[in-house]
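Read the structure below first, then the notes.
Chain A is the first sequence line, chain B the second, and so forth, proteins listed ahead of strands; every chain is numbered from 1. These numbers come from the heavy atoms of this one structure, side chains and all, not from hydrogens, waters or symmetry mates. Nothing here was measured: the structure is a model prediction, and the numbers come from that model.
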Protein chains: 2
Amino acid sequence: MMETTGTRTDTCAGPPRADRRPDGQDSYTISEVAAFTGLTAHTLRWYERIGLMPHIDRSHTGQRRYSNRDLDWLDLVGKLRLTGMPVADMVRYAELVREGDHTYGERYELLEQTRRDVLSRIAELQDTLAVLDRKIAFYGDAGHALASERPR
Amino acid sequence: MMETTGTRTDTCAGPPRADRRPDGQDSYTISEVAAFTGLTAHTLRWYERIGLMPHIDRSHTGQRRYSNRDLDWLDLVGKLRLTGMPVADMVRYAELVREGDHTYGERYELLEQTRRDVLSRIAELQDTLAVLDRKIAFYGDAGHALASERPR
DNA sequence: CGCTTGCTTGGAGCGCACTCCAAGGCCATA
DNA sequence: TATGGCCTTGGAGTGCGCTCCAAGCAAGCG
C-alpha cells in the first residue's frame with residue numbers, strides 16, 4: 001500500500017512543491033520524480049504509456065531511472081499543461097521531436113500557436129479580472145443597496 | 001432533430017460570438033440565449049438543473065423565457081468559467097445570492113479568493129510565456145544546432 | 001389534417017486527464 | 001527467513017463538464 005512519496009512533510013497535499021534536484025546525480029526513481037514534479041507515480045507511468053515521455057532508462061531490475069534530461073522534459077510538459085494545452089497535443093509535439101530534425105518547422109508552428117493561445121488567455125483573464133474588480137468594489141461600498149444579482 | 005440555433009451563419013462553430021441582445025425586449029427563448037452566450041440549449045437546461053440558474057420564467061405553454069437579468073447572470077457565469085472556477089463553486093455562489101442579504105460577507109470572500117486565483121493564474125501564464133519565448137527563439141536561430149529536446 | 005419546427009423532460013453517454021486496483025517481483029533490514 | 005517498502009503491469013474506475021437521446025407536446029403553415 002501507499003506508493004506515494006515517503007518524503008511528504010506537509011499534510012494537505014500541496015500541488016507542485018519540493019522542487020529542485022540534488023544535482024550531483026542523473027538517475028532518479030519514479031517516486032523521487034513524483035516528489036520533484038508534483039505529479040503522481042501513476043501519472044508518470046501513464047504519460048509514458050500514452051507516448052508523452054521518451055523511453056526511460058531501467059535499472060537491472062526493470063525499475064525506471066529518470067535522467068535530468070527527462071526532468072527537463074517534464075518541466076516543459078508541466079508548463080504546457082498550465083497553458084491548458086490538451087495532452088494529445090503534447091503527445092503530438094513529443095512525436096515530432098522523436099521523428100527528428102525534419103520536423104523543426106512543424107514544431108515551431110506548434111509553439112508559436114501555443115504562444116498566441118497563451119497571450120489571448122491572459123487577455124481573457126485580465127478582462128475577467130476587471131469584471132471581478134467592479135463587482136468587488138460594488139460589494140465594498142454601495143453593495144448592500146445596489147448590487148443586482150440574479151439567482152432567486 | 002437539430003435543436004441548435006437556427007441563426008448560425010458561420011460553418012465551423014465559433015465559440016462565443018453572435019453576442020449583444022436586441023435590447024428592446026426582455027424575454028428570450030432558449031435558442032436565442034444559446035446564440036447570445038455560445039452555450040448550447042442543453043447546457044442552459046443543465047445549468048438550471050444543477051442550481052446554477054435562478055428560476056426562469058415560463059411561457060403559458062411551459063417554455064423558458066429568459067430575461068435580461070438572466071443574461072447578465074449568464075455573462076458573469078461565463079467570466080467565472082473562464083477563470084477555471086469549478087461549476088460547483090459557482091453553484092455555491094448562486095446559492096448565497098438566493099439565500100439573501102446575510103450572505104454578503106461570504107460572497108465577498110468568494111469573489112476576493114477568485115480574484116487572487118486569477119492573479120496567480122495570470123502570473124503562471126506569463127511565466128510559461130517566458131519559457132515559450134525562449135524556446136521559440138532557440139528554434140528561430142541556433143535552434144538546429146543546439147536545441148536539446150527530450151523524446152527519442 | 002398532417003407536417004415541421006422548436007420546445008419539454010429524465011436519464012444515459014462521452015471525452016478528458018487522471019487515479020486506482022490486483023497481483024506479483026526485488027531487495028534491505030530485523 | 002520473514003516482513004515491509006518500493007517497484008512492476010494491464011486494465012478498470014472516477015469526476016467533471018457537458019452532450020445527447022427518446023418520447024412527447026404545442027404552435028404555425030399549406
Fill in the blank from the handout: When B:M90 and A:G62 are each assigned the nearest nucleotide of DNA chain D, the 5'-most assignment goes to A:G62
Practice task
Confirm from the modelled atom types if A:R45 and D:dG10 form a donor-acceptor pair under 3.5 Å, side chain to base only.
Solution key: no
Exercise for the section: Classify the nucleic acid contact of A:R81 as base, sugar-phosphate or nothing, counting any heavy atom under 4.0 Å across all strands shown. Expected result: sugar-phosphate
Practice task
Rounded to the nearest angstrom, tell me the gap between atom CD in A:E48 and atom C1' in C:dA17.
Solution key: 17 Å
Practice task
Answer yes or no: is there an ion pair linking A:E106 with A:R92, defined by an N-O contact shorter than 4.0 Å?
Solution key: yes
Problem - Under 4.0 angstrom between A:Y47 side-chain N/O and C:dA17 OP1 or OP2 - result: no
Practice task
Let me know the distance between CG of B:L39 and P of D:dT19, rounded to the nearest Å.
Solution key: 9 Å
Problem - Touch class at under 4.0 angstrom, heavy-atom based, for A:S59 against every strand present - result: nothing
Exercise for the section: Would you tell me if any nitrogen or oxygen in the side chain of A:H60 comes within less than 4.0 Å of OP1 or OP2 on D:dC7? Expected result: no
Practice task
Give one of base, sugar-phosphate or nothing for B:R64, where a contact means two heavy atoms less than 4.0 Å apart.
Solution key: sugar-phosphate
Practice task
Measure from the side-chain heavy atoms of B:S31 and tell me the nearest of D:dG10, D:dC7, C:dG6.
Solution key: C:dG6
Practice task
Mind calculating the distance between CD1 (B:I50) and C1' (C:dG10) to the nearest angstrom?
Solution key: 16 Å
Exercise for the section: State which of D:dC7, C:dT19, D:dG17 makes the closest approach to the side chain of A:T40. Expected result: C:dT19
Fill in the blank from the handout: Among the nucleotides C:dC20, C:dC18, D:dC21, whichever has the atom closest to the side chain of A:H42 is C:dC20
Problem - Among B:D57, B:V33, B:T37, side chain to side chain contact (heavy atoms under 4.5 Å, CB included) partner for B:Y66 - result: B:V33
Completion exercise
Checking A:L125, A:I122, A:L129 against B:R121 for side chain to side chain contact (heavy atoms under 4.5 Å, CB included), the one that qualifies is A:L125
Handout entry: Distance, rounded to the nearest Å, where A:I56 contributes CD1 and D:dC7 contributes P
Key = 14 Å
Handout entry: Selection from C:dT19, C:dC27, C:dC18 that lies nearest to any side-chain heavy atom of A:V87
Key = C:dC18
What side-chain donor-acceptor pairs closer than 3.5 Å can you find for residues 76-86 of chain A, not counting sequence neighbours?
from	atom 1	to	atom 2	distance (Å)
A:K79	NZ	B:D127	OD2	2.6
A:T83	OG1	A:L80	O	2.5
A:T83	OG1	A:M85	N	3.2

Exercise for the section: For B:Y66 and C:dC7, give me the distance from atom OH to atom P, rounded to whole Å. Expected result: 10 Å
Problem - N or O in side chain of A:R58 less than 4.0 angstrom from D:dT9 OP1/OP2 - result: yes
Practice task
Identify which nucleotide among D:dG11, D:dT8, C:dC27 has an atom closest to any side-chain atom of A:R49, counting heavy atoms from C-beta outward.
Solution key: D:dG11
Handout entry: Interatomic distance, A:I30 CD1 vs D:dG5 P [rounded to whole Å]
Key = 19 Å
Practice task
Please state whether the rings of A:Y93 and A:W73 are parallel, tilted or perpendicular, taking 30° and 60° as the class boundaries.
Solution key: parallel
Fill in the blank from the handout: Per nearest nucleotide of DNA chain C, the residue lying toward the 5' end, A:T61 or A:W46, is A:W46
Practice task
Give the rounded distance in Å between these two atoms: CG of A:D57 and C1' of D:dT8.
Solution key: 17 Å
